[in-house]
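Numbering starts at 1 and runs along the sequence shown.
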Amino acid sequence: MSAIAHAPAPHSCAEALDLRRALGVGTAALIVVANMIGSGIFTTSGFVARDVGSPGWLMGLWLAGGLIALAGALSYAELGAAFPQAGGEYVYLREAYGPFVAYLTGWTSLAVGFSGAIAAATLAFAGYLHSYFPAMDRAGSADKVVALAALWSLTAIHVRGLGPGGVVQRLLTGGTMLAIAALVCAAFTLGHGSASNFNSSAPAHGSVAVSLIFILYAYSGWNAAAYLAGEIRNPRREIPTALVAGTALVTLLYLAMNAMYLYALPIPAMSGVLTIAEKASVALFGPFAAHLVAAMLALALLGSVNAMVLAGPRVYFAMARDGLLPRALGVVDLSRGTPARAVLLQSGWASVLIVFFGAFERLVVYTGFAITVFTAMAVAALIVLRVRRPGAPRPFTVPGYPWTPAAYVIVSIWIVAVTMLTRPTETVLGALTVVAGVPFYFCARRRNRRMAIHSSN
C-alpha cells in the first residue's frame, strides 16, 4: 500500500523514458555540417580580403579557423564519449562546475543562442526568396509569415520523430553540400576566372585578429552532434566521428569556396564586398548565377534551422530532467520518442522573436560573446575533469592533450577580450542576457526544495 501511496504522477512513465538511440553517425555528421554552414561563408571573405590584402593570408586564416574549430570538436569528442547524454555543454558544465553555471548556459541557449539564431535564420531564408518572388518586397509582413511557416513546418516534422527529422536533415544538408561542390567544380572547369588572381594584392585596411574572429563565427556550430548524444546509437564511438568528420568536411568546403572567390576576382575586387558569393558567381557565369547563389543560401539556411530545431530542445530536456526547468519539458513522447514539449517551447519562443523583433540578427551578435565564453568553459571542463576524475572511463581521448583544448581556450579568451574592447555595447547586452537567468535559477531551486519537502511528508 505504501508503494501505491507514493506512486508518481500520471506522466512519470514518460518522464522515466530515455530518448531513443536511433541516430546514425552519418546523420549526426550532417547535423554538424548544417549547423556550421550558414551565411558566413557566403558573406565574410570580402571583408577578410579588405583587412589582410593577400590571397595567402585569406586562405591561411580560413585554414586556421578550421583548425581551431577542429580543436574544439576533438575536445567535445572526449567529453561527449565520456558523457553520452542529451544536452551538450550543459552536461559538461554541470559535471565540471555545478548546476548554476550549467543552468546559465542552458538559459542563454533558450533565450537567444538557439531561439534567436533560428529567428534570424528563418527571416534571412525569407529574404533570399525575394529573388524568386518579387511581390514579397511589397508585403510588409511577408517575411515574417514565410519565416513562421518554415519554422513550424520543420517543428511538426521533428515532433513526429527522429526518423522523419533525420530524413529532412539529410536531404537539406546533402543538397547544400552538392550545390557547393557543383558550383566550385563548375567554377574551375567552366567559369571565366583567372589563376593570376591568386597573385593579386591590395593594401591591408584592417586587423588579422578581427578577421579571424569573423571567420571563427562562420565556423561556429561544430559542436551540434554533442547535443544529441542521448540519441546516437553508439555514442562512445560515433560522437567523436560525427564531430570530427563534420568539422573537417566544412573546413574543406570553406577552403574550396574561398579558392573559387579568388579564381573569380582579384583581391582589390573582393575587398569589402558583402555579397561576395554572388559577385564571384556572376563574374564566373553571368547574371543568372545570382539566382543560383540565392537558392543555395536559402537551402543552407533552411538546413541550419532544421539542425537547430533538432539540437536545441535536447538542452532544455536535460535541464528539465535535472529539475531546473518545468518537469513537463523532460517528458518523452510515448509514441514518437521525442522531447516534443521542449521542441514546441523553443519554436514558440523563436516565433515570438520573429514576430516582435523582426530582423533579429543584432541580438544574436550581442550574445555571441556569451556563447563563446560557455563553449570555452566546456572545453576547459575537459582539463578540469581530467584533474578531478583521473580514473574515469574515457572511450576517446583528445590527441595532443592538454595543448589541443588549451589552444582553443586561449583563442576564445582572446576573442572575448577583443569583443569587449571593440564592441562594448554588445558585450554588456550579452552579459545582461546571461544575468537575467539568475533569478530563474534560484526560483527553480526553491521549487525543487518545496517539492522535496512535500514528497517527504
- Check: Phe114 ring centre within less than 6.0 Å of Tyr227 ring centre: yes
Between [X] and [Y] (side chain of the first, backbone of the second, donor and acceptor by atom type, cut-off under 3.5 Å), is there such a pair?
X: Ser281; Y: Ala277; value: yes
X: Trp57; Y: Val48; value: no
X: Glu89; Y: Met377; value: no
X: Ser271; Y: Ile267; value: no
X: Asp333; Y: Arg336; value: yes
X: Thr108; Y: Gly113; value: no
X: Gln169; Y: Ala307; value: yes
X: Ser115; Y: Leu110; value: yes

- Message: Between Glu78 and Arg394, does any NZ, NE, NH1 or NH2 come within less than 4.0 Å of an OD or OE carboxylate oxygen?
- Response: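 Glu78 and Arg394: salt-bridged.
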- Among Tyr76, Tyr219, Trp222, whose ring pair (Phe, Tyr, Trp, His ring centres under 6.0 Å) with Tyr408 holds? Trp222
- Note on the structure: To the nearest 0.5 Å, atom CE of Met308 lies from atom CG of Leu310 at 11.5 Å
- Measure the CH2-CE distance between Trp62 and Met257 for me, rounded to the nearest 0.5 Å.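 Result: 9.0 Å between the selected atoms.
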